Amino acid sequence: MNIIFYRYDSICEPDYIDALKAVGLTIIEDKQGLSENTLYVDSKIAHLGNLIADHKPLFVFSINFFPFIAMVCERIKLPYVCVSVDCPVLEIYNNAIKSPYNRVFLFDQKQYESIKDANPSCIFHLPLGAATARLDATIGDTTGYDYDVSFIGSLYTEKDPYGELSLPSEISTSLEEKMQCQLQESIYGLEYIENTITDNEIQCLKDTDPNFYSSALSIRNLDRQIAIDDYIGYHITAMERIKLMNFLADNIQPFNLNLFTGSDTTVLSKHVRKRGLAKSFTDMPVIFKKSKINLNTTMRSIRSGLPQRIWDILGCGGFLLTNYQPELDMFLTPGVHLETYRSHDELIEKANYYLTHDKEREEIALNGYKKVCAEDTVLHRVIVIIKTIMENMENNS
């Protein structure tokens with residue numbers, strides 16, 4: 001059976017292609033999203049339509065939601081299956097989300113709840129997973145440790161549109177105070193911001209940035225959500241990561257914190273060891289395996305779900321110390337498969353503890369690896385997707 005896989009160079013694409021092949025599907029790749037010469041949606045629609053006509057696929061698949069694919073598939077009554085790996089994904093609020101031919105799988109429960117009523121029988125919650133076979137092959141027989149504590153990822157300073165805005169001083173002061181309160185109140189999410197941001201502050205953010213996302217084609221006005229997720233969420237994530245890196249590095253001496261990033265690191269403590277970028281498919285799995293502790297701090301706009309970094313660390317057999325997330329207890333057990341922190345003080349306490357308790361740390365890392373291999377691979381997720389699609393087709397037949 002054929003499926004068409006729309007590609008745009010998401011880092012997750014190869015793992016889902018391998019998993020879809022493993023369940024017996026033949027992959028026809030639509031590479032229009034990879035081409036710098038393809039600038040217009042009309043040409044993408046025509047190309048996809050021709051592929052569908054030539055190969056008669058069971059469904060079209062993509063990483064994240066593309067409204068133009070949903071529209072093509074609705075027109076010809078063909079299922080469109082997509083898996084979110086990012087949050088927020090504003091495209092899921094496009095009017096095309098209402099198509100009865102969509103099968104949309106979202107990893108963040110809060111994001112799922114925000115859109116499910118727009119198309120209740122066609123939108124689902126599904127966590128991410130680890131490509132354990134690929135990770136195992138990359139790691140090979142790697143043993144021992146090269147790093148005490150490691151973090152691989154962006155500081156978000158280069159991704160922060162809020163930092164580029166010239167807001168009125170009273171608005172800027174008010175929002176900065178609220179962001180500081182959010183950091184103090186909770187180790188995850190943006191609930192305090194959601195409860196305190198004013199309509200005037202949202203409007204000011206919108207008026208200040210001419211590139212503010214338009215809600216014109218969306219199922220509802222998104223101004224509030226965009227202001228909180230794409231502006232406040234990115235900025236507070238940058239604030240938190242800088243603060244956390246400095247605090248951790250300064251309080252685990254003589255152990256070291258190793259940061260693998262392409263972000264500007266000039267604002268970081270001298271105790272942070274700046275390692276530069278780590279290549280995702282070659283360097284990253286080995287670093288996860290050869291670090292005594294791997295740190296995860298979740299982007300604030302991921303309200304409840306577990307980001308890909310969590311599954312990748314566990315899938316490499318690395319020990320994970322992560323901020324608590326509301327969905328964590330649905331899939332993993334703190335103290336058994338990984339460790340969590342609910343404050344920066346608890347982070348310091350647990351980092352120092354596990355750096356000096358090798359046996360406990362290695363047992364937890366092994367438990368986490370076994371759990372992911374047994375239940376939480378990308379292949380497991382794809383099997384759930386195929387089963388859901390088939391059940392959904394039977395119910396609608």
Side-chain angles (χ1 to χ4, degrees), residues 1-8 10 12-13 16-17 19-21 23-33 38 40-108 111-128 215-220 222 378 381-397:
M1 292 183 290
N2 295 335
I3 71 162
I4 292 174
F5 195 119
Y6 179 77
R7 299 203 61 182
Y8 66 101
S10 165
C12 297
E13 288 170 0
Y16 279 86
I17 288 173
L20 288 162
K21 287 180 178 178
V23 298
L25 296 171
T26 300
I27 310 300
I28 310 300
E29 295 187 28
D30 180 350
K31 297 184 178 181
Q32 286 292 292
T38 305
Y40 300 104
V41 172
D42 286 350
S43 63
K44 293 183 180 181
I45 290 173
H47 182 78
L48 178 59
N50 289 333
L51 283 177
I52 292 170
D54 291 342
H55 297 284
K56 298 177 175 54
L58 184 64
F59 55 82
V60 177
F61 186 95
S62 72
I63 301 296
N64 292 330
F65 180 75
F66 288 84
F68 85 89
I69 300 178
M71 289 185 283
V72 170
C73 289
E74 182 174 18
R75 190 179 305 164
I76 59 178
K77 297 179 172 54
L78 178 70
Y80 169 39
V81 183
C82 69
V83 175
S84 76
V85 298
D86 298 314
C87 185
V89 179
L90 294 175
E91 287 78 11
I92 65 170
Y93 302 100
N94 185 281
N95 284 313
I97 197 68
K98 297 179 181 179
S99 168
Y101 295 93
N102 288 337
R103 303 294 182 265
V104 179
F105 296 84
L106 305 174
F107 80 90
D108 185 89
Q111 182 178 236
Y112 162 75
E113 291 172 356
S114 76
I115 191 63
K116 65 176 182 178
D117 290 343
N119 199 349
S121 63
C122 299
I123 303 175
F124 312 91
H125 173 238
L126 184 72
L128 299 172
S215 298
L217 299 176
S218 302
I219 60 173
R220 59 174 178 266
L222 299 176
V378 175
R381 306 307 186 223
V382 164
I383 290 171
V384 171
I385 290 169
I386 299 300
K387 181 180 178 181
T388 303
I389 293 169
M390 295 307 178
E391 290 177 349
N392 200 275
M393 286 179 175
E394 290 174 4
N395 292 336
N396 293 332
S397 61

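For clarity, every value in this text was computed on a predicted model and none was experimentally measured.
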Return the [atom1] to [atom2] distance between [X] and [Y], rounded to the nearest 0.5 Å.
| X | Y | atom1 | atom2 | result |
| --- | --- | --- | --- | --- |
| Ile385 | Leu20 | CD1 | CG | 7.5 Å |
| Asn119 | Asn102 | CG | CG | 6.0 Å |
| Phe66 | Leu48 | CZ | CG | 11.5 Å |
| Asp108 | Leu128 | CG | CG | 9.5 Å |
| His47 | Asp30 | NE2 | CG | 4.0 Å |
| Ile123 | Leu126 | CD1 | CG | 14.0 Å |

Nearest heavy atoms of [X] and [Y], plus distance in Å:
| X | Y | result |
| --- | --- | --- |
| Ser99 | Ala70 | OG-O, 4.2 Å |
| Ile92 | Ile115 | O-CD1, 3.5 Å |
| Pro79 | Cys73 | O-SG, 4.1 Å |
| Tyr6 | Gly33 | OH-CA, 3.2 Å |
| Phe105 | Val81 | CE1-CG1, 4.0 Å |
| Leu78 | Pro57 | CD1-O, 3.3 Å |

Inset, instruction - Quick one: list whatever passes side-chain contact (heavy atoms from CB on, under 4.5 Å) with Glu13, sequence neighbours left out. - result: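 Checked Glu13 against side-chain contact (heavy atoms from CB on, under 4.5 Å); matches are Phe5, Arg7, Tyr8, Ser10, Ile63.
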Inset, instruction - Would you please name every residue forming a side-chain contact (heavy atoms from CB on, under 4.5 Å) with Ile45, sequence neighbours left out? - result: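 If we apply the side-chain contact (heavy atoms from CB on, under 4.5 Å) test to Ile45, skipping adjacent residues, the hits are Val41, Phe68, Val72, Arg75.
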Legend entry - Partner of Tyr93 by side chain to side chain donor-acceptor pair (under 3.5 Å), out of Ser218, Ser215, Ser114: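 Filter result, single survivor: Ser114.
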Could you tell me whether a side-chain N or O of [X] sits under 3.5 Å from a main-chain N or O of [Y], the two making a donor and an acceptor?
| X | Y | value |
| --- | --- | --- |
| Asn2 | His55 | yes |
| Lys77 | Glu74 | no |
| Ser43 | Tyr40 | yes |
| Asn64 | Cys82 | no |

Legend entry - Flag side-chain contact, heavy atom, 4.5 Å: Ile27 against Lys21: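 In short, these two side chains touch, coming nearer than 4.5 Å.
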Legend entry - pair Val382-Tyr16: side-chain heavy atoms closer than 4.5 Å: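 Yes, close enough: below the 4.5 Å cut-off.
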Legend entry - Steps toward side-chain contact (heavy atoms from CB on, under 4.5 Å) verdict (Ile219, Asn94): CA-CA 6 Å; Ile219 60 173; Asn94 185 281; over 6 Å; no
Inset, instruction - Could you tell me whether Tyr101 and Phe59 have their ring centroids closer than 6.0 angstrom? - result: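 They do not qualify: ring centres at least 6.0 Å apart.
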